[in-house]
Amino acid sequence: MAESVEEVSDVGATTKKTPKVMTWTPPMSACMLRSLADIAAKGVKTDKGFKEIHITKVAKALSQLVGYEVTTTQVSNHLWKWKVRYQRIERLRVLSGALWDNDQKMIVLEEQHYLGHTQDTPKDAELLNTPLVNFEYMEACFADKLATGKFAMGSNEPLGKPIEVEHPGNPIDVDSQGTNGEGFVEGLPTFDFGAQGIDATTTSPSSSNRKRKRVSNLSEEDAIQVNNMSDALRNVASAINNTCHTETHPDLCKTVMELTEFEMDQRLAVLDYLTEHKGKGLNFIAMEVDVREAAFRRIIAKNPDLV
C-alpha cells in the first residue's frame, strides 16, 4: 500500500498577507512614480493617461518591493493623488512674486508673501520654500498631460475632439469652401487684438445653413472699437495696480505696541489685521493718538474672531 506523503513548508518561512488598508510609504511612492516616468521617457504615448498594461507592470514591481499583492486599483488611486499634487504645484509656480529654484526643485516666496499666502491657504505651506519630493518624476508623468493655453477646453465646451485652429499665416480661402460650412472647423480665422490693431484684410466667413463653431462676424469698425476697448481696459488695470499698497508701513508695529492700555493678545491681533489690510494700516499710522485708540477698539469690536 502506497503511503501518502504530505509536503511540509520550510520551517520559519512566513507569508505576508495583503493588508485591508494599505499605507503608502515614501519609497513605495517613489518606486511607482519612477517606474511610470521610465515608461513615459521611452516615448510611450500617454496623453490620455497610462494604459492598464503600464499600471499592471507597476503594481507587480510594487508587489515585489513590499512582499504582498498591490492591486492596479490601489496604484491608480495613488497616482491620481500625485497628479492633483502636481497640478497644485503648477498653480503655485505662477503666483505673484514666486521664484523657481531649479537646483532644489523648490518654489521660493519671500517671507512677507509666504506668510500672507499661507494664512489664507495653510495647505499650500507644504509646497512652498521646501524641496518638492519626486518633482522630476511627477513632471515626466504629468507635464505633457495637462491642457493649457489654447488646448484647455472651457466648462461650456462640449466633450469631444478640440477644434484645431489653422496657423494665421495660412488664410482660409472662403470662396473655395462653398456654402455648406465645410472646412471652418479645421481652420478658424483669428483676430489680433494686440498693439498692432486689427488686420483690415481679414474677411468674415459667409453664412451657411449648417451650425459652425465660433465663426467671428466682426466688421472692420467693430474690430477697431474692440481694440480701443482693450487698450482702455489695460490702462484701467495699470492704474489700479499703481494705487495698490504692497508694503507695510515701517512704524506700524511700534505704533500698535505703544497702545499699552490694551492686552498683548489684542495688540498682536490688530497688528496682523492691519498688516493684511495695508491701506487701513497707513490710515492708522496717520491718526491722532485718541482717534487711534478709538479705531483700535472699533477693529476689535467689528472683528471678534481676531482675538
Side-chain angles (χ1 to χ4, degrees), residues 23-26 28-30 32-33 37 49 76-149 151-157 236-238 240-250 252-253 256 264-284 298-307:
T23 301
W24 285 84
T25 61
M28 293 171 63
S29 298
M32 179 195 72
L33 293 171
S76 298
N77 292 340
H78 195 58
L79 181 63
W80 175 256
K81 293 181 180 179
W82 280 95
K83 183 176 182 179
V84 173
R85 183 181 181 88
Y86 180 77
Q87 291 173 336
R88 291 175 56 202
I89 291 173
E90 288 301 295
R91 286 194 293 267
L92 292 175
R93 287 181 65 176
V94 297
L95 280 177
S96 176
L99 300 176
W100 175 250
D101 187 339
N102 195 49
D103 294 331
Q104 300 188 55
K105 308 301 179 186
M106 180 170 64
I107 303 172
V108 182
L109 277 180
E110 294 183 358
E111 182 178 1
Q112 181 179 353
H113 291 160
Y114 174 83
L115 293 176
H117 182 80
T118 54
Q119 185 176 4
D120 296 334
T121 53
K123 289 185 177 180
D124 289 344
E126 62 178 351
L127 303 176
L128 297 172
N129 291 350
T130 183
L132 300 171
V133 180
N134 297 325
F135 177 79
E136 292 182 346
Y137 297 148
M138 286 189 285
E139 190 174 35
C141 292
F142 310 124
D144 297 330
K145 318 303 182 299
L146 302 180
T148 57
F151 301 104
M153 300 182 67
S155 59
N156 60 340
E157 288 285 345
V236 172
S238 177
I240 293 174
N241 290 332
N242 292 334
T243 58
C244 292
H245 302 290
T246 58
E247 299 295 335
T248 303
H249 195 284
L252 179 61
C253 180
V256 174
M264 177 60 71
D265 289 342
Q266 292 179 324
R267 283 180 280 169
L268 291 174
V270 172
L271 178 61
D272 290 341
Y273 177 84
L274 295 176
T275 301
E276 183 178 356
H277 301 83
K278 297 178 177 58
K280 295 181 179 180
L282 295 176
N283 293 333
F284 189 84
R298 178 179 174 83
I299 293 174
I300 294 295
K302 293 189 67 174
N303 303 275
D305 295 336
L306 289 178
V307 181

With T130 via side chain to side chain contact (heavy atoms under 4.5 Å, CB included) - residues at least two apart: none

Out of curiosity, I300 CD1 to K302 NZ, how far, rounded to the nearest 0.5 Å? 13.0 Å

Say you draw a straight line from CG of N129 to CG of L99; how long is it, rounded to the nearest 0.5 Å? 10.0 Å

Step by step, work out the side chain to side chain contact (heavy atoms under 4.5 Å, CB included) result for L306 and D272. CA-CA 9 Å; L306 289 178; D272 290 341; over 6 Å; no

What is the distance from atom OH of Y273 to atom CG of D305, rounded to the nearest 0.5 Å? 12.0 Å

Could you walk me through whether W82 and M32 pass the side chain to side chain contact (heavy atoms under 4.5 Å, CB included) test, one step at a time? CA-CA 10 Å; W82 280 95; M32 179 195 72; 3.8 Å; yes

Can you find a heavy atom in the side chain of E111 that is under 4.5 Å from one in the side chain of L115? yes

Heavy-atom closest pair, residues Y114 and A125: OH-CB, 3.7 Å

Suppose we screen for side chain to side chain contact (heavy atoms under 4.5 Å, CB included). Which residues come up paired with T121, at least two apart in sequence or across chains? H117, D124

Partner set under side chain to side chain contact (heavy atoms under 4.5 Å, CB included) for E126, not counting sequence neighbours: R85, R88

Would you give the length of the straight line joining atom NZ of K280 to atom CG of L252, rounded to the nearest 0.5 angstrom? 13.5 Å

Applying side chain to side chain contact (heavy atoms under 4.5 Å, CB included) to E110 and not counting sequence neighbours gives none

Report the C-alpha separation of I89 and M138 in whole Å, then their side-chain angles, then the decisive distance to 0.1 Å, and conclude whether the side chain to side chain contact (heavy atoms under 4.5 Å, CB included) test is met. CA-CA 10 Å; I89 291 173; M138 286 189 285; 3.8 Å; yes

To the closest 0.5 Å, what do you measure between CZ (F284) and CD1 (I299)? 6.0 Å

For R93, the salt bridge (charged side-chain N to carboxylate O under 4.0 Å, His left out) test, sequence neighbours excluded, returns E90

Between A37 and A140, the two heavy atoms sitting closest are CB-CB, 3.8 Å

What pairs of donor and acceptor atoms, side-chain ones from residues 102-109 against any protein atom, are under 3.5 angstrom apart with sequence neighbours left out?
| residue | atom | partner | partner atom | Å |
| --- | --- | --- | --- | --- |
| N102 | OD1 | W100 | NE1 | 3.2 |
| N102 | OD1 | K105 | NZ | 2.9 |
| Q104 | NE2 | D101 | OD2 | 3.4 |
| K105 | NZ | N102 | O | 3.3 |

Just do the side chain to side chain contact (heavy atoms under 4.5 Å, CB included) check on L79 and F142 with the steps written out, would you? CA-CA 10 Å; L79 181 63; F142 310 124; 3.5 Å; yes

